[in-house]
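Heads up, the thing below is written out as structure tokens.
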Amino acid sequence: MRALALTEFGDPDVLELVDVDDPTPAPDTVVVDVAAAGVNPVDHKIVAGPLRGAFPFDLPLIPGWDVAGTVVAVGPAVPEIAEGDRVVGYVRKDHLGAVGTFAEQVAAHPRHLAPAPRTVDLETAAALPLAGLTALQSLRRAHVGPGDVVLIHNAGGGVGSFAVQLAVHAGATVSGTGSESGHDRLRDLGAIPVAYGDGLADRVRDALSGGGVGTPTAAMDYVGTDEATEVSLALLDDPSRAVSITNPAIAERGGTYWFVRPQPEDLALLSRLVDTGALRIDVTGRWPLAEGAAALTASAEGHARGKLVITAG
């Protein structure tokens, strides 16, 4: 099969399209024929090398953790999945090597997989797993529910756009930060938009009071700047409801750092929400596997609204 692999760390252009052996199912795994793989910030960080200390690794290395596709082989100890099933997965492995999803096929354990949404194509579904799980689990960690007022930093990004919709679905009012060019999109997602920059805390208060809403009761940091941490903690009465997915230091000030976990039940819930229309997946960029390095470059530049995917074609 073909795959994108690296033999040295660096910019995305170190990735090369190579031929590797097709995966075979172990007793507890299945093989997925990849329709597409979602692109996330962690992917270009793995390629660049900063995460070498966080995960054991071997070279050559095939990156990629998100996948959507069709099961083509099933190990004998996996009765819950059958050949032909359409699945999505957050296939994060504990050891980085020739096991990533930027390939035509990938082997995965059932704990990483769930049924794919039925109402969208697999290329679109590939954008759901990591970002959707991160949004769902971080909102849950902040105990977001009916009547809450939630500040979401980087509300137009891959995780933020899911978090806005999930928080609204949970009965919360949402204020989302983003560049002014993206404010119409934030309103469409259900958020009260607020521009980045100096004086952010005051602008959040003004935007919420202008809408007849109180001050935030929870805050989600999906951008990782010092400003986001400071604003979150300044606006909340309870610092434990300030959650960051990028800044571990927030825990030293009473907040919570959250690292997403593979969880098939959560992933299945996200698929159901897509099928009921409660959750929309916005894919704003698609690249074929042979041009996957360009997708990681676009992700690293940090200006994408919505999600990016690499297709197997």
Side-chain angles (χ1 to χ4, degrees), residues 30 32-40 65-71 74 78-92 101 106 108-148 150 152 155-174 176 185 188-191 218 220 222 243 245 258-284 306-309:
V30 305
V32 178
D33 197 24
V34 176
V39 177
N40 298 285
W65 286 349
D66 272 357
V67 70
T70 304
V71 175
V74 180
V78 188
E80 66 269 39
I81 299 177
E83 290 185 21
D85 284 354
R86 297 168 77 254
V87 295
V88 289
Y90 173 37
V91 190
R92 188 183 83 206
T101 61
V106 67
H109 192 281
R111 67 175 174 268
H112 295 141
L113 302 174
R118 301 184 305 275
T119 55
V120 298
D121 59 59
L122 288 171
E123 288 187 7
T124 300
L128 178 64
L130 189 158
L133 286 171
T134 301
L136 177 67
Q137 293 174 3
S138 57
L139 288 167
R140 183 184 294 148
R141 182 62 184 83
H143 308 292
V144 170
D148 272 316
V150 185
I152 296 180
V159 176
S161 59
F162 285 132
V164 170
Q165 296 175 80
L166 291 169
V168 170
H169 181 70
T173 298
V174 177
R185 180 170 177 270
D188 184 51
L189 291 172
M220 319 304 299
Y222 302 135
V243 178
I245 65 168
W258 183 258
F259 196 96
V260 61
R261 300 181 62 185
Q263 176 54 260
E265 293 83 4
D266 285 349
L267 194 49
L269 171 59
L270 292 168
S271 286
R272 292 194 298 271
L273 290 173
V274 171
D275 285 337
T276 62
L279 189 63
R280 187 176 78 204
I281 306 172
D282 290 334
V283 174
T284 55
K307 291 290 296 174
L308 313 177
V309 299

Nearest heavy-atom approach of Ala218 to Ala142 is CB-CB, 4.3 Å
First locate atom OG of Ser138, then atom CG of Leu133, and finally report the distance between them rounded to the nearest 0.5 Å. 10.0 Å
With sequence neighbours excluded, residues passing salt bridge (Lys or Arg N to Asp or Glu O under 4.0 Å) with Asp85: none
Between the side chain of Asp148 and the main-chain N/O of Ala172, is any donor-acceptor distance below 3.5 Å? no
Of Val87, Thr101, Val88, which meets side chain to side chain contact (heavy atoms under 4.5 Å, CB included) against Val32? Val87
Which residue in the set Asn40, Leu139, Ile245 passes side chain to side chain contact (heavy atoms under 4.5 Å, CB included) when paired with Thr134? Ile245
Between CG of Leu273 and CG of Leu128, what distance do you get to the nearest 0.5 Å? 9.0 Å
Can you check whether Glu123 reaches Val283 side chain to side chain, under 4.5 Å on heavy atoms? no
Please check this pair: side chain of Arg141 against backbone of Trp258, looking for a donor-acceptor N/O pair closer than 3.5 Å. no
Could you pull out the closest heavy-atom pair between Ala191 and Gly176, with the gap in Å? CB-N, 4.1 Å
Can you tell me how far the CG atom of Leu166 sits from the CG atom of Leu136, to the nearest 0.5 Å? 6.0 Å
Under the side-chain hydrogen bond (donor to acceptor under 3.5 Å, both in side chains) definition, can you give me all pairs with a residue in residues 165-174, not counting sequence neighbours? none
Do Val159 and Met220 make a side-chain contact, defined as non-hydrogen atoms from C-beta onward lying under 4.5 Å apart? no
Under 4.5 Å between any side-chain heavy atoms of Val78 and Glu80, yes or no? yes
Contact check, side chains of His112 and Pro262, non-hydrogen atoms, under 4.5 Å: yes
Considering non-hydrogen atoms only, spot the tightest contact between Leu113 and Gly89 and give its length. CD2-CA, 3.7 Å
Looking at every heavy atom in both Ala36 and Ala126, which two are closest together, and how far apart are they? O-CB, 3.4 Å
Does any part of the side chain of Val39, heavy atoms only, come nearer than 4.5 Å to the side chain of Lys307, both counted from C-beta? no
Is the backbone of Ala68 close enough, under 3.5 Å, to the side chain of Arg86 for a donor and an acceptor to pair up by distance? no
For Ala127 versus Val309, what's the shortest heavy-atom pair and its separation? CB-CG1, 3.9 Å
Quick check for you: to the nearest 0.5 Å, what is the distance between Arg280 atom CZ and Thr124 atom OG1? 12.5 Å
Roughly how far apart are Glu83 CD and Thr70 OG1, rounded to 0.5 Å? 11.5 Å
Taking all non-hydrogen atoms of both residues into account, name the closest pair between Gly190 and Val168 and its distance. O-CG2, 3.8 Å
Output for pair (Asp66 CG, Arg92 CZ), nearest 0.5 Å, gives 11.5 Å
